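Working notes, beginning with the structure itself.
Note that this is a predicted model, so its numbers are computed, not measured.
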Amino acid sequence: MKLTGVELRRIAMPLVAPFRTSFATMTTREILLVRVETEDHEGYGECVTMADPLYSSEYTAAAADVLRSYLVPTLAALPALDPWAVAPALAAFKGHRMAKAALETAVLDAWLRAHDLSMGQWLGATAERVPAGVSVGIMDSIPALLDTVDGYLSEGYLRIKLKIEPGWDVAPVRAVRERFGDDVQLQVDANTAYTLADAAQLARLDPYGLLLIEQPLDEEDIRGHAELARRVRTPICLDESVVSARSAADAIAMGACSVVNIKPGRVGGYLEARRIHDVCAANGVPVWCGGMLETGLGRAANVALAALPGFTLPGDTSASDRYYRTDITEPFTLRDGHLDVPTGPGIGISPIPGQLAEVTESTEWIGR
């Protein structure tokens, strides 16, 4: 397979409601889509960067620049291209895992289409559908939170994740437990908002039977997470700290986590995501698939990944209407709390031209 050109497309997707975390409030999801063309096929990848470097050091304008200036020209110069060639070819360029992941995914999509393989089939999926969880942002009040959670449970979501920060942690968890009972699968996500000095406060969450506390401390504080894991009963899950199979293995060995959230964009792509899955499975550590408010393109690939056997917890693979009134693809719809794994070639889904055009802000073609 030979790369003939790459399109970078900036789109802006209005959210159905503001989404607040410990680091930002989002009303529109700005997304960079990568479309590769080969001699016979095309493939899509979705870059999960945000507009500003708040969740990660990466951000969308920088991703577009590194793709334009370095990553795409490097792949275009290869005499032959397949999914396994992407990471080694781009290894000389430090960081920029989200940009690399988007490009690798687009190449993988095109290659799988050329070989008439679905992504789930190729990754080693063992399920035809995956359980869906939902992420609930920080709210203005407890009553608003309870109404929101009630709505998601009524829709059939099998797991609720509450975003937390100092001042919004024990009270919302207590309220959700008191209202909906102990049978609801419940977890919290701090997005690095705490320090080890907050261990006693985080330990106050222990009585509520949470599945996990996700990324409570700074992404570089692996030792702090290991110490926190000794001070609280609730399992510690790492997100931002895990950027590769090696970092996952190190964190597990240090006792810094007993659960791992795998976000393919954060770790450099689906090949590395599968390696992390394998490392965790070998160590008896459950994994689940995180989300970055993807469109149907990114969601399709994530659902395929979440069908691997080590993904034993519901992920952030929500239905399309959790975030968007109109997706750029055919929507993913919740059925009995699950999403179907796409079975078509490649990621199994394509943009709808008219809907894609409506949200497009700019396009750029990078030829060979």
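- Side-chain contact annotation: Q355 with D327, donor-acceptor N/O pair under 3.5 Å absent.
- A salt bridge is absent between R10 and E361; no separation between the charged side-chain nitrogens and carboxylate oxygens falls under 4.0 Å.
- Note that R20 lies outside the cation-pi zone of W168, set by a 6.0 Å cut-off to the ring centre and a 45° limit from the axis.
- When only modelled atom types and interatomic distance are considered, T192 and E240 share no side-chain donor-acceptor pair under 3.5 Å.
- Contact between T317 and R299 at its shortest, heavy atoms only, is C-NH1, 4.1 Å.
- Judged purely by atom type and a 3.5 angstrom limit, D198 uses its side chain to pair as donor or acceptor with the backbone of T195.
- Residue Y59 places its OH atom among 12 or fewer non-hydrogen atoms of other residues, nucleotides or ligands, all under 6.0 Å distant.
- A salt bridge links R113 to D109: at least one charged side-chain nitrogen sits closer than 4.0 Å to a carboxylate oxygen.
- Heavy-atom minimum distance, G255 versus A229: O-CB, 3.6 Å.
- Taking all atoms of both residues into account, the shortest heavy-atom contact from V36 to L3 is CB-CD1, 3.7 Å.
- Using a 4.5 Å cut-off between side-chain heavy atoms of Ile, Leu, Val, Met, Phe, Trp and Tyr, with links allowed through other members, I164 and V259 fall into different hydrophobic clusters.
- A donor atom on one side chain and an acceptor atom on the other are found under 3.5 Å apart for T60 and T49.
- Heavy atoms of other residues, nucleotides or ligands lying less than 6.0 angstrom from CD of E155 number more than 12.
- Placement of L271 and L78 within a single hydrophobic cluster is found when ILVMFWY residues are connected by side-chain heavy-atom separations under 4.5 Å, directly or transitively.
- Of all the heavy atoms in I236 and A256, the pair that sits closest is CG2-O, 3.5 Å.
- Under 4.0 Å is where a charged nitrogen must lie from a carboxylate oxygen, and between D340 and R129 no such pair does.
- Counting non-hydrogen atoms of neighbouring residues, nucleotides and ligands closer than 6.0 angstrom, the OH atom of Y70 reaches no more than 12 such neighbours.
- Scanning all heavy atoms of the two residues, the minimum distance from V48 to R29 falls at O-NH2, 3.0 Å.
- The nearest pair of heavy atoms linking L67 to A99 is CD2-O, 3.7 Å.
- Checking R9 against T360 by side-chain atom types alone, a donor-acceptor pair falls below 3.5 Å.
- Going from atom CD1 of I31 over to atom CE of M13 covers 6.0 Å, rounded to the nearest 0.5 Å.
- Under 3.5 Å, the side chains of S241 and Q215 contain a donor-acceptor pair of N or O atoms.
- Under the 3.5 Å distance criterion, the side-chain polar atoms of E294 are left unmatched by any main-chain donor or acceptor of G296.
- Cluster annotation: L313 and L123 are assigned to distinct hydrophobic clusters (Ile/Leu/Val/Met/Phe/Trp/Tyr, side-chain heavy-atom contacts under 4.5 Å, transitive).
- The environment of R179 atom CZ is dense: over 12 non-hydrogen atoms of other residues, nucleotides or ligands sit within 6.0 angstrom.
- Between R275 and D278, no side-chain nitrogen of the basic residue sits less than 4.0 Å from a carboxylate oxygen of the acidic one, so the salt-bridge criterion is not met.
- In the hydrophobic clustering of ILVMFWY residues, with side-chain heavy atoms under 4.5 Å counting as a link, L54 and V243 come out apart.
- For the side chain to side chain donor-acceptor pair (under 3.5 Å) with K263, the lone residue among N302, D239, D316 that qualifies is D239.
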Exercise for the section: Quick one: do L293 and L15 satisfy side-chain contact (heavy atoms from CB on, under 4.5 Å)? Show the steps, please. Expected result: CA-CA 9 Å; L293 286 67; L15 300 179; 4.0 Å; yes
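- Open room surrounds CD on E220; 12 or fewer heavy atoms of other groups in view lie less than 6.0 Å from it.
- Hydrophobic clustering (ILVMFWY, side-chain heavy atoms < 4.5 Å, transitive): L202 and L211 are in distinct clusters.
- When the shell of 6.0 Å around CD of E128 is examined, it contains 12 or fewer heavy atoms from other residues, nucleotides or ligands.
- A salt bridge links E37 to R35: at least one charged side-chain nitrogen sits closer than 4.0 Å to a carboxylate oxygen.
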